[in-house]
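Below is one structure, written out as structure tokens; the observations come after it.
Numbering of residues begins at 1 and proceeds along the displayed sequence. Note that this is a predicted model, so its numbers are computed, not measured.
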Amino acid sequence: MSEKLPPTYTVSFLLRKILIPVDGSENSMRAVDVGVDFAMRYGSRLYLVYVCQECKSTQAISENLEKRIGGRTDYEFKEIKTNYKESSVANEILKIITEENFDAVIMGARGTSINSDVNIGSTATSVALNAPITVIVVR
């Protein structure tokens, strides 16, 4: 019979700085929920980023995040404007990961794409396969 050990907080050292890409989709909002849970349990710092070309819905996404998080933890939110002819959302996320030294990414499996038959989107696939850090994909 094994003896029950007290909890360790190794997770708090592994997941100090978490990036959460958001696009307003329900999957990205669930990723925010997971990130908030990590922040509340382990003291992780959350950085939410919206990568867009024209960034028309930034205000709506920001308001939705404020409601969803509800003051349970602090976070930083910023938008990254990009030209989709020169770069992709996945490339911009990967660039942010390496430039700002994140410990992990928590992201939705699918974004706001039209095809609902896809289990995991191209952005999540690309980030999960190419990121040099832990990637948690939320469905």
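For Glu66, there are no salt bridge (charged side-chain N to carboxylate O under 4.0 Å, His left out) partners, not counting sequence neighbours. Remark: Lys67 engages no residue in a salt bridge (charged side-chain N to carboxylate O under 4.0 Å, His left out) (not counting sequence neighbours).
For the pair Val49 and Glu76, the minimum side-chain heavy-atom distance is 4.5 Å or more. Residues Ile80 and Lys95 have side chains not in contact (no heavy-atom distance under 4.5 Å, counting atoms from C-beta outward). Between Val89 and Thr82, the closest side-chain pair of non-hydrogen atoms is not below 4.5 Å. The side-chain heavy atoms of Pro21 and Val51, taken from C-beta on, include no pair separated by under 4.5 Å. Between Val138 and Asp33 there is no side-chain heavy-atom pair separated by less than 4.5 Å. Residues Tyr75 and Ile20 have side chains not in contact (no heavy-atom distance under 4.5 Å, counting atoms from C-beta outward). Using a 4.5 Å cut-off on side-chain heavy atoms (C-beta onward), Ile61 and Thr58 make no contact.
Tyr50 and Ser57 share a side-chain donor-acceptor pair at under 3.5 Å. Judged by distance alone, the side chains of Ser25 and Asn27 never bring a donor and an acceptor atom under 3.5 Å apart.
Separation of atoms CG (Asn64) and CD1 (Ile69) is listed at 9.5 Å; rounding is to 0.5 Å. Separation of atoms CG (Leu15) and CD1 (Ile136) is listed at 6.0 Å; rounding is to 0.5 Å. With rounding to the nearest 0.5 Å, the separation of CG in Leu94 from OG in Ser126 is 5.5 Å. Taken to the nearest 0.5 Å, the CG atom of Leu19 stands 10.0 Å off from the CG atom of Leu46.
The two residues Val127 and Val135 have their closest heavy-atom pair at O-CG2, 4.0 Å. Counting all heavy atoms, side chain and backbone alike, Thr73 lies closest to Ala39 at OG1-CB, 3.5 Å. Shortest non-hydrogen contact noted between Phe38 and Ser44 is O-OG, 3.7 Å. What you find for Ile97 and Ala131 is that their closest heavy atoms are CD1-CB, 4.2 Å. In terms of heavy atoms, Glu92 sits closest to Ser87 at OE2-OG, 2.8 Å. Taking every heavy atom of both residues into account, Glu26 and Arg68 meet most closely at OE2-NH2, 3.1 Å.
Under a cut-off of 6.0 angstrom, the local environment of CG in Asp74 is sparse, with at most 12 non-hydrogen atoms contributed by other residues, nucleotides or ligands. Around CZ of Arg16, the count of heavy atoms belonging to other residues, nucleotides or ligands within 6.0 Å does not exceed 12.
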Quick one: do Glu86 and Lys81 satisfy salt bridge (Lys or Arg N to Asp or Glu O under 4.0 Å)? Show the steps, please.
CA-CA 12 Å; Glu86 297 173 8; Lys81 291 186 180 185; over 6 Å; no
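Cation-pi geometry between Lys78 and Tyr47 is not met at under 6.0 angstrom from the ring centre and within 45 degrees of the axis.
Under the side-chain contact (heavy atoms from CB on, under 4.5 Å) test applied with Tyr42, the options Ile18, Leu14, Val11 reduce to a single match, Val11.
Within the structure, salt bridge (charged side-chain N to carboxylate O under 4.0 Å, His left out) contacts touching residues 44-53 (residues at least two apart or in different chains) do not occur.
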